Amino acid sequence: MKRVFLATITASALAWPSVALAQPVFLTCTLTDQGGESTFDVQLNEAANTVSYFIHRNGMTVKKPAIFTPEKVLFNGFEIDRKDLSFRRDNTQSAFYRVTGGPAMDVGKCVIDREERAF
């Protein structure tokens, strides 16, 4: 009886789908816009479906929900290509774009931040 019970538990555990929780990915991204070049520190957390980013230009930190597709990460008007790490911001919804007719899209690039962290 014990063997049948253990075999059933083991088979159930092996059949249960498991999700590997990926660690957050840290990126440093630059974006060319009307004011020059902006640098962003970006943390992608696919397990939580969130992106946090720090904008060096104004010292602001933002955390937003994100959509993770196989090709892109989309958040708050930004998109990061998961293959070539291109970084884009859609300006068409901003008041600045509507008033000035500035560029519809700012473009840039991200690199993976490989800095070891203590915690």
Side-chain angles (χ1 to χ4, degrees):
M1 183 68 174
K2 268 186 172 178
R3 287 184 189 177
V4 172
F5 178 73
L6 287 175
T8 303
I9 295 297
T10 302
S12 296
L14 292 174
W16 189 263
S18 63
V19 176
L21 294 179
Q23 294 294 317
V25 174
F26 295 88
L27 305 173
T28 301
C29 303
T30 55
L31 189 70
T32 303
D33 59 19
Q34 293 287 349
E37 191 171 272
S38 296
T39 303
F40 297 74
D41 295 331
V42 180
Q43 178 186 355
L44 305 172
N45 188 336
E46 190 167 5
N49 290 318
T50 61
V51 172
S52 300
Y53 55 96
F54 173 75
I55 306 168
H56 287 252
R57 182 182 288 171
N58 60 16
M60 187 167 60
T61 300
V62 180
K63 182 176 182 178
K64 292 288 184 181
I67 298 169
F68 290 82
T69 72
E71 294 83 27
K72 297 177 181 180
V73 180
L74 307 165
F75 59 99
N76 201 34
F78 292 95
E79 103 181 18
I80 298 173
D81 187 288
R82 294 181 88 159
K83 293 181 179 143
D84 67 7
L85 295 177
S86 59
F87 185 46
R88 297 167 39 127
R89 176 173 51 199
D90 179 359
N91 294 322
T92 58
Q93 301 303 313
S94 74
F96 180 78
Y97 173 78
R98 288 191 296 271
V99 171
T100 65
M105 193 71 64
D106 294 328
V107 295
K109 189 81 172 163
C110 297
V111 294
I112 296 174
D113 180 357
R114 303 224 185 258
E115 180 179 326
E116 292 294 323
R117 289 172 173 74
F119 58 93

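Because only heavy atoms are used, hydrogens play no part in the values below, and waters and symmetry mates are left out as well, while side chains stay in. Model, not experiment: these values are computed from the prediction.
Rounded to the nearest 0.5 Å, atoms OG (Ser38) and CG (Asn58) are 8.5 Å apart. Atom NZ of Lys109 and atom OG of Ser86 lie 6.0 Å apart (nearest 0.5 Å). In this structure, Thr30 OG1 and Asp106 CG are separated by 11.5 Å, a value rounded to the nearest 0.5 Å. The structure places CG of Asp113 at 10.0 Å from SG of Cys29, a figure rounded to the nearest 0.5 Å.
Between Phe75 and Pro65 the shortest heavy-atom distance is CB-O, 3.8 Å. Nearest heavy-atom pair, Ile80 versus Val42, reported as atom, atom and distance to 0.1 Å: CD1-CG1, 4.2 Å.
A heavy-atom distance below 4.5 Å is found between the side chains of Phe78 and Leu31. Counting heavy atoms from C-beta on, the side chains of Asn76 and Val51 never come closer than 4.5 Å. Residues Asn49 and Phe68 are in side-chain contact: their nearest non-hydrogen atoms beyond the backbone lie under 4.5 Å apart. Two residues are said to be in side-chain contact when any heavy atoms from C-beta on lie closer than 4.5 Å; Leu27 and Tyr53 fail this criterion. Counting only heavy atoms from C-beta outward, the side chains of Gln43 and Phe26 approach each other to under 4.5 Å.
Heavy-atom neighbours of Lys72 NZ from other residues, nucleotides or ligands within 6.0 Å: at or below the threshold of 12.
Screening Thr28, Asp41, Thr39 for a side-chain hydrogen bond (donor to acceptor under 3.5 Å, both in side chains) with His56, the sole residue that qualifies is Asp41. The side-chain contact (heavy atoms from CB on, under 4.5 Å) test with Glu79 is passed by exactly one of Arg88, Glu71, Met105: Arg88.
Using a distance-only test at 3.5 Å, with no hydrogens or angles considered, no donor-acceptor pair links the side chain of Arg82 to the main chain of Val73.
In the hydrophobic clustering of ILVMFWY residues, with side-chain heavy atoms under 4.5 Å counting as a link, Val62 and Phe87 come out together.
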